[in-house]
Amino acid sequence: MSDNVKPVFKPNKEFAKTARIKNMCEYQALQDYAMEDYEGFWGSYAKEKLSWIKPFTNVMDESNFPFVKWFEGGKLNVSAQCIDRHLDSRKNKAAIIFEGDRGDKQIVTYLELYYNVNRFANLLKNEFGVKKGDRVIIYMPMILESAYAMLACARIGAIHSIVFGGFSADALRDRIKDADAKVVITADGAFRKDKPYMLKPVVDEALSGKTPVEKVLVVERNGEDVTWVAGRDYSYNELIKHQPTKCDPEVMDAEDPLFLLYTSGSTGKPKGVQHNSAGYILWAQMTMEWVFDVKENDTYWCTADVGWITGHTYIVYGPLAMGATTVMFEGVPTYPDAGRPWKMVEEYKINQFYTAPTAIRVLHKMGENEPAKYDLSSLKVLGTVGEPIDPPAWKWYYEAVGGSRCAIVDTYWQTETGGHIVSPLPGATPIKPACATFPLPGIMAEILDPKTGKKAEVGEGGYMCVTRPWPAMIRGIWGDEKRFVKSYFGDVKKDGKPVYFTGDGANYDEDGYITITGRTDDVINVSGHRMGTAEVEAAIKKHPNVAEVAVVGKPHEIKGEGIFAYVVLKSDTGVADELEEIKAINRVIQKEIGNIALCDDVVFAPGLPKTRSGKIMRRILRSIARGEAITQDISTLEDPTVVAKIEKMVRG
Ligand code: WT7
């Protein structure tokens, strides 16, 4: 495949016949409807797709933009959307299929899910006194109880905030404090590659100082010994036994918060992205239906972790809202070998499979011929998310996994958008490899020239924006209104009015297809997860011998981007043992953030390229790390000689 002329893959004709959106005419008609009558479009879907306790009176109020309200006056409960309303027609249908790391399996029907969530909700309410609006931290492995915990919070109106299990005690503590949470739900640990690993000790460490947390609920998963703090820690397995099986869902306003999810920004500490009830669940369901086109008897599997937005929207909320069967997997895709996912596809007859380019690259590299060993004929739609997928990975995914028969939906979105915003539709969109294609119906996504606010010209590139608020749009950054406005609505204006800016660059090709080119800010995308350079730098600075540091992203074969750190040490006596020093720096990162932020490269630089006003020129450092020529003017630097010195160290 040449880079310029991308081949086009037309949707599978058989598939298109029964797809929800069957061709580009239908797509265009929906998009036209939304453009002509925005409120009519969203209002009619909100009526059709959601089961309202009390109907809404107003579709959208944007008078206080960017503080927007959707479906005002409407009352509903998200856990009831995901469970109760399916009980008439699907009570014995599998809601969640769980597969453990060691191959243990469990199928939970909608009726069982109902009882488990009701009991969990009663536990939180009656034993811990959790009330509507309280924040609950969920620090959990990929087990069924994580989904129950989320839905139990939603049921009683508590706001959950999941912290990915790979984050360190310090990172967990920061999030607990920022959210002012009084309850933490965790597990002793879980299993990875047939071995137990621990979470509870991390929680203990996070709670060692002063925190707002009063109660900790511990799910026993791996049975390893943990310490129990009397009066604070409680066993889920014990308490759940005594809970009544019915807990009426709290009647929630359409705009009551559903959850917070912390994500990295280009500056400062992580942001608590807030999503509210009705708009979020509506779009989670609509995108599940349109983008994955899951049918009543299908089995859908998304390999994400519940600690990220993909796990929220596309393992739990979206699939359950539409009444689908969703697979939850505790293990890693390459254990016991790189055929594990394909073995699972065969066993469960998976119809839609959704994963990240980084996983595809690993599976390709470690098990190129593994897919051929299994019957993958059940697959209809393959999805990718998290970063641009490279053409070789795309090709293997399409041919070896999808049998050149399945649509690949390259879904572009982010924590803040709640659900997909730019993506192919599997029955309609002629696909170009590694291309997110077109905005979904109802989403006014446009690439704008940041200077003029006009639509970017073909091939010119610009900023990926959304010009009208949509129901699943971020509602706020917890406790920081100013940062919310500044982070997303400060950079680009269209017709003089601020619009939502994603932070990503993108371009149109001659057919109007959108390709995402990556972040325009100081955010690195490591294995599809966002890391703020500022956060990693702040962590490294905690090392007592570090005077200055700058980190940049560098292309990485598996992770997409890896972290490259330029470190200036305090002592100018040189580094006695470089490897030891690098290890020490990574230990600090491990403690402050977690293993996901470890550096791939560390260079001990004599100084950093700075402007005379002291701003670090990261662009220069990025060029050096990537082995690219430096195009910036360096004559205005405070000390231009430092660039040559660093170049020599890196390039040799
Ligand atoms: C960032 C969002 C969305 C869930 C996983 C990550 C990048 C996401 C794509 C894609 C190119 C993509 C963007 C975005 N990204 N999907 N299909 N093609 N880039 O969520 O941590 O909020 O990160 O991931 O840079 O801004 P997140």
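Residue numbers count from 1 along this sequence. Ligands are counted one by one from 1 in listed order, and the atoms in each one are counted from 1 as well.
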ask   = Taking Thr326 for the side chain and Ile315 for the main chain, is one N or O donor matched with an acceptor at less than 3.5 Å?
value = yes

query = Counting only N and O atoms by type, is there a donor-acceptor contact under 3.5 Å from the side chain of Ser527 to the main-chain atoms of His529?
reply = no

inquiry  = Do Lys493 and Phe501 form a cation-pi contact, if we require the NZ or CZ to be under 6.0 Å from the six-membered ring centre and within 45 degrees of the ring's axis?
reply    = no

query = Under the 3.5 angstrom rule, does the side chain of Arg475 hit a backbone N or O of Met473 as a donor-acceptor pair?
reply = yes

remark   = Sorted by chain and residue number, the residues with a non-hydrogen atom under 4.0 Å of ligand 1 are Ile309, Thr310, Val385, Gly386, Glu387, Pro388, Asp410, Thr411, Tyr412, Trp413, Gln414, Thr415, Asp504, Ile516, Arg519, Asn525, Gly528, Arg530

ask   = Where the side chain of Thr313 meets the backbone of Thr310, is there a donor-acceptor pair that is under 3.5 Å apart?
value = no

ask   = Restricting to pairs with a member in residues 427-460, which pass ring pair (Phe, Tyr, Trp, His ring centres under 6.0 Å), not counting sequence neighbours?
value = Phe438-Tyr513

